[in-house]
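Order of listing sets the numbers, starting from 1, for every ligand and every atom in it. For reference, positions follow the sequence shown, starting with 1. Computation of the quantities below employed the complete heavy-atom set of this structure, encompassing side-chain atoms and omitting hydrogens, waters and symmetry-equivalent molecules.
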Amino acid sequence: MSSEVRTSCPYCGVGCGVIVTTAADGAVSVRGDPEHPANFGRLCSKGAALAQTLDHDGRLLEPQIDGRPVSWEQALDRVADRFGAIIDAHGPEAVAFYVSGQLLTEDYYLANKLMKGFIGSANIDTNSRLCMSSAVAGHKRAFGTDSVPCDYTDLECAQLIVITGSNLAWCHPVVFQRIAHARKQNPDLKVVVVDPRRTSTCDIADLHLAIRAGSDATLFNGLLAHLVRAGKTDSVFVQNSTEGLQATLETARRDADDLAGVAERCGLPLEQVSAFYQLFANTDRTVTLFSQGVNQFSTGTDNVNSIINCHLLTGRIGRPGAGPFSITGQPNAMGGREVGGLANQLAAHMELDNPEHRALVQTFWSSPRIARQPGLKAVDLFEAVHSGKVKALWIMATNPAVSLPDTNRVREALAACECLVVSDCMQHTDTTRYAQVLLPAQTWGERDGTVTNSERCISRQRPFTAAPGQARPDWWIISEVARRLGHAAAFEYPNSAAIFREHAALSASGNRGQRAFDLSALMQIDDDAYDRLTPVQWPVRITPSSRLFGDGRFYTPSRRARFIPIATQGPARQVDALWPLVLNTGRLRDHWHTMTRTGKSARLSAHNIEPCVEIHPQDAQQYSVRDGELVQVKSQRGAILVRARVSDHQPPGCVFIPIHWNHRFSSLASVDQLVSAVTDPVSGQPEFKYTPVSVQPWPARWYGFILSRRRLALEGIDYWACARGDSHWRYEIAGNEVPEDWSASIQAMLCTLDAAVEWTAYEDRAARRFRAAQIRHGQLENCCFIGPDIRLPERAWLAGLFGADVINDQDRRALLSGQSASGVEEAGPIICACFSVGRNAIARAIRDQACRSTAAIGECLMAGTNCGSCVPELQSLIAEYS
Ligand SMILES: Nc1nc2c(c(=O)[nH]1)N[C@H]1C(S)=C(S)[C@@H](COP(=O)(O)OP(=O)(O)OC[C@H]3O[C@@H](n4cnc5c(=O)[nH]c(N)nc54)[C@H](O)[C@@H]3O)O[C@H]1N2
Ligand SMILES: Nc1nc2c(c(=O)[nH]1)N[C@H]1C(S)=C(S)[C@@H](COP(=O)(O)OP(=O)(O)OC[C@H]3O[C@@H](n4cnc5c(=O)[nH]c(N)nc54)[C@H](O)[C@@H]3O)O[C@H]1N2
Ligand code: SF4
Ligand SMILES: [Mo]
């Protein structure tokens with residue numbers, strides 16, 4: 001008998017509903033939930049590949065102290081003893097939690113309750129600091145509440161969608177698909193994309209503004225001034241529902257009154273700026289959707305308010321099809337904001353610096369104390385760990401050794417931390433290696449609770465499989481530590497439903513319409529109803545309320561929204577002769593953050609198998625960088641080694657490096673080693689999108705690759721990057737020293753010298769060429785190809801041999817040539833992850849079979865016919881090869 005469970009996707013903030021089917025033989029398949037309001041059945045490539053990531057390979061299966069397995073009792077006792085002792089000796093400010101938008105709301109609620117209400121410090125911060133904090137701060141400044149005024153249906157009824165600082169096609173693909181679909185239905189819907197790079201998102205753009213990095217506030221200040229000039233002020237709304245326009249307008253005018261000046265500072269042609277301004281001015285139903293290209297600046301909060309100002313001026317907020325729409329990154333970034341996961345919030349959207357709120361929360365929790373002042377924000381928190389001020393740190397569901405800025409320093413802090421506890425579901429991450437205590441957490445598919453997506457919609461995550469080993473829910477782990485710290489009564493929960501009820505009750509407590517975040521209608525939800533809970537958007541009041549801000553009332557003391565004057569400033573550091581290029585960082589379509597989950601999927605790994613730096617042809621020429629070769633990228637903070645990808649999608653003067661690679665997947669490609677810990681003074685969000693760097697070719701004396709049935713520990717190789725393939729791992733390698741004895745060096749790396757292994761090798765020392773293969777019980781175990789440059793055999797045929805039960809004689813003979821005797825066409829990089837269709841096959845279909853539409857390609861190759869995430873790339877390929 002097969003069974004079905006409705007749950008939601010563990011990746012991005014779109015928050016798609018998925019239906020997981022477990023067949024009688026245990027095989028799991030995943031499809032989009034047709035009834036979920038976020039996706040109505042759609043999924044992207046990552047969601048569609050979820051079933052491929054469920055194995056227990058690499059899972060953390062038991063609690064550990066100093067690398068040795070221990071019982072839960074021992075591990076929890078140790079955490080409580082160490083935290084307790086440090087609090088006794090140095091006070092509550094000497095301990096901290098660093099948590100994540102990937103926790104469930106119930107976990108998050110408890111972590112916050114324990115730290116702020118029982119330990120009595122506000123030293124709990126979250127990776128949302130790196131992600132949404134500028135949007136949070138911008139919302140609070142403007143609306144007096146951190147509430148996103150839009151939902152996805154607004155995108156479908158808008159007439160203009162401005163997408164700025166967001167690569168929606170790759171990072172929120174289902175929302176992107178919804179917009180693409182809406183555009184087909186409504187040819188009058190216009191899309192403007194503002195991004196220094198030409199991304200896949202630009203494929204639905206009527207206008208792409210390749211803005212100079214860091215100049216968004218100038219563009220929107222200029223827009224504000226223009227809107228007033230063009231007579232687009234909604235005087236009634238401004239009069240009744242806002243305050244502060246005059247000062248804001250004066251500042252904007254001083255800053256950006258003249259169109260030519262704006263165009264010049266934004267690095268844009270005048271006609272484009274003017275076309276954008278006119279479009280915005282003349283389109284009433286406008287949504288401005290923004291993400292990290294806006295938030296991740298030292299001026300991130302100002303950037304956000306510069307956008308909101310334009311919506312307030314035109315009254316385009318609180319109505320269908322209009323509003324500033326900050327789209328969230330992580331599956332539960334929004335839930336974290338609800339429970340007060342940031343160091344400067346309390347809980348249920350209450351404020352730490354408000355004595356009434358403190359009293360209310362403390363009474364509600366019956367807690368012995370309550371934090372009185374904001375705690376340390378992420379970057380400062382790790383600095384305090386570095387200096388020894390914070391002595392005990394508990395990290396949950398995040399990988400700061402990879403994802404914080406200046407990770408060399410973060411790693412020093414982790415290494416020096418007196419008591420480091422990490423709860424994760426994986427044994428080996430760049431962060432877990434520093435932990436003294438490791439706590440095995442349940443993960444997606446096992447855990448049970450709720451998450452809230454970008455449109456404030458609360459959805460259930462439900463378990464459909466048993467957790468392996470000793471893995472436990474995060475909320476259980478937190479409550480057990482709380483109990484041991486002497487707070488048993490306040491942390492007695494039979495299940496996650498009980499925590500959710502308390503969270504809902506707190507949101508209702510003393511609310512009386514003063515806080516937008518209100519779940520009063522859910523505070524008595526019983527366990528069955530919680531189990532059955534269908535997606536619901538907050539506020540969830542007993543008397544249903546109208547649309548958020550629909551009545552023109554906000555949550556400031558005056559109930560008016562605030563205009564915020566923005567005096568534009570550039571990024572914190574400018575490029576100069578030594579550091580001449582701007583480093584921009586971000587995401588790829590098929591990987592998720594530090595790859596602990598997506599790195600398990602061969603399908604997802606095939607889209608981009610290596611860490612690359614994208615660089616404009618002009619810059620490549622100037623710095624002698626050649627496509628496909630290795631490049632060293634340096635900043636004041638560190639240096640990394642990545643493959644060059646020369647591309648005119650990149651603007652001159654800027655390079656782009658994805659964030660995903662780390663020491664588990666590459667020798668030296670973790671990009672946050674380069675990024676400085678510069679933050680926004682209001683939000684504390686780091687400037688991830690703007691780091692001055694230099695690039696130079698790296699003098700490789702040889703390039704090569706290894707395909708191996710097993711994961712290898714490639715110590716001592718200058719460059720390596722690994723990717724999961726079907727039945728094998730692929731390693732791209734390079735070095736600048738040629739070993740004395742290739743056979744010995746490679747065999748040492750492969751470490752498979754058992755008697756059953758047949759080893760064949762070929763070497764041409766003068767030409768710096770070496771090839772070798774190992775066969776074990778008739779199956780290919782490893783193969784390795786080395787040459788003097790990047791011209792090496794294609795990997796596809798060799799990779800395919802790992803799928804064979806026994807290698808046939810013909811293939812065996814051909815093995816060291818690296819080419820099939822019968823000839824196999826190379827697929828090239830995989831564009832369609834669902835059907836593994838490569839770039840070369842698509843190019844051939846366009847050229848040779850005259851496929852001139854994505855539908856034609858779909859018919860011919862199936863590409864793009866399942867999740868649709870690759871459609872924008874198919875469109876680019878049609879343009880390129882037709
Ligand atoms: N595939 C995939 N999807 C994800 C994630 C993932 O890891 N992988 N992570 C999720 C998370 S947590 C987040 S926060 C979101 C992030 O989603 P996004 O914010 O869309 O993703 P990023 O790639 O970080 O950056 C967005 C864009 O900002 C642009 N940008 C850089 N500088 C500027 C600038 O000065 N102005 C403007 N206007 N744009 C600029 C970059 O070129 C980039 O294309 O994605 C979520 N979705
Ligand atoms: N340069 C640069 N750096 C960036 C960014 C950027 O754009 N540029 N973006 C920033 C942003 S927006 C974000 S959100 C961060 C993301 O960065 P991180 O949060 O550090 O990345 P993840 O890989 O998502 O880490 C999640 C960890 O939680 C574990 N995990 C998964 N499920 C569970 C669970 O249920 N319980 C527990 N306890 N653990 C679990 C995973 O194994 C993994 O180790 O990166 C930030 N860093
Ligand atoms: S868009 Fe993709 S990654 Fe995001 S929630 Fe939906 S299926 Fe998951
Ligand atoms: Mo994020």
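- Checked against the 6.0 Å centroid threshold, Trp170 and His591 do not count as a close aromatic pair.
- Listed by number with element, the atoms of ligand 1 under 4.0 Å from a non-hydrogen atom of Trp170 are 1 (N), 2 (C), 3 (N).
- Residues Gln177 and His172 have side chains that never bring a donor and an acceptor to within less than 3.5 angstrom of each other.
- Note that Arg411 lies outside the cation-pi zone of Tyr434, set by a 6.0 Å cut-off to the ring centre and a 45° limit from the axis.
- The existence of a salt bridge linking Asp430 and Arg664 is excluded, since no basic side-chain nitrogen approaches an acidic carboxylate oxygen closer than 4.0 Å.
- The proximity of Phe297 to ligand 1, defined as any non-hydrogen pair under 4.0 Å, is limited to the side chain.
- Contacts of Thr199 with ligand 1, taken as heavy-atom pairs under 4.0 Å, involve the side chain alone.
- Short contacts between ligand 1 and Gly214, defined as distances under 4.0 Å to a heavy atom of the residue, involve ligand atoms 34 (C), 35 (O).
- The contact set between ligand 1 and Thr164, taken as ligand atoms under 4.0 Å from a residue heavy atom, comprises 38 (N).
- For the side chain to side chain contact (heavy atoms under 4.5 Å, CB included) with Gln685, the lone residue among Arg129, Met132, Gln292 that qualifies is Gln292.
- At a 3.5 angstrom cut-off on N or O pairs, Arg212 does not count as close to ligand 1.
- Of all atoms in ligand 1, numbered sequentially from 1 with element shown, those under 4.0 Å from a heavy atom of Leu588 are 1 (N), 2 (C), 8 (N).
- Contact atoms of ligand 1 toward Lys46: 1 (N), 2 (C), 3 (N) (distance under 4.0 Å to a heavy atom of the residue).
- When each atom of ligand 1 is checked for a heavy atom of Gly165 under 4.0 Å away, the hits are 19 (O), 26 (C), 27 (C), 28 (O), 37 (C), 38 (N), 39 (N).
- Listed by number with element, the atoms of ligand 1 under 4.0 angstrom from any heavy atom of Val194 are 37 (C), 38 (N), 39 (N).
- Remark: Phe97 pairs with Trp394 by the ring-ring contact (aromatic ring centres under 6.0 Å, His included) rule, at least two apart or across chains.
- A salt bridge links Glu446 to Arg59: one of the charged nitrogens lies within less than 4.0 Å of a carboxylate oxygen.
- Trp592 and Tyr11 have tilted rings, their planes meeting at an angle from 30° to 60° on a 0 to 90° scale.
- Protein residues with a heavy atom under 4.0 Å from ligand 2 are Gln102, Asn127, Leu130, Cys131, Gln296, Gln330, Ala397, Thr398, Asn399, Ser403, Ser423, Asp424, Cys425, Met426, Thr429, Ala441, Gln442, Thr443, Arg447, Asp474, Thr585, Arg587, Trp592, His593, Thr594, Thr596, Ile659, Val671, Asp672, Phe688, Lys689.
- Here Asp125 does not pair with Lys377 in a salt bridge; the nearest charged N to carboxylate O distance is not below 4.0 Å.
- A cation-pi arrangement is present between Arg711 and Phe665, with the terminal nitrogen or guanidinium carbon under 6.0 Å from the aromatic centre and inside a 45° cone about the axis.
- Taking a 4.0 Å cut-off on heavy atoms, Val294 fails to register as neighbouring ligand 1.
- If you look at Phe297 and Phe688, their ring centroids are not closer than 6.0 Å.
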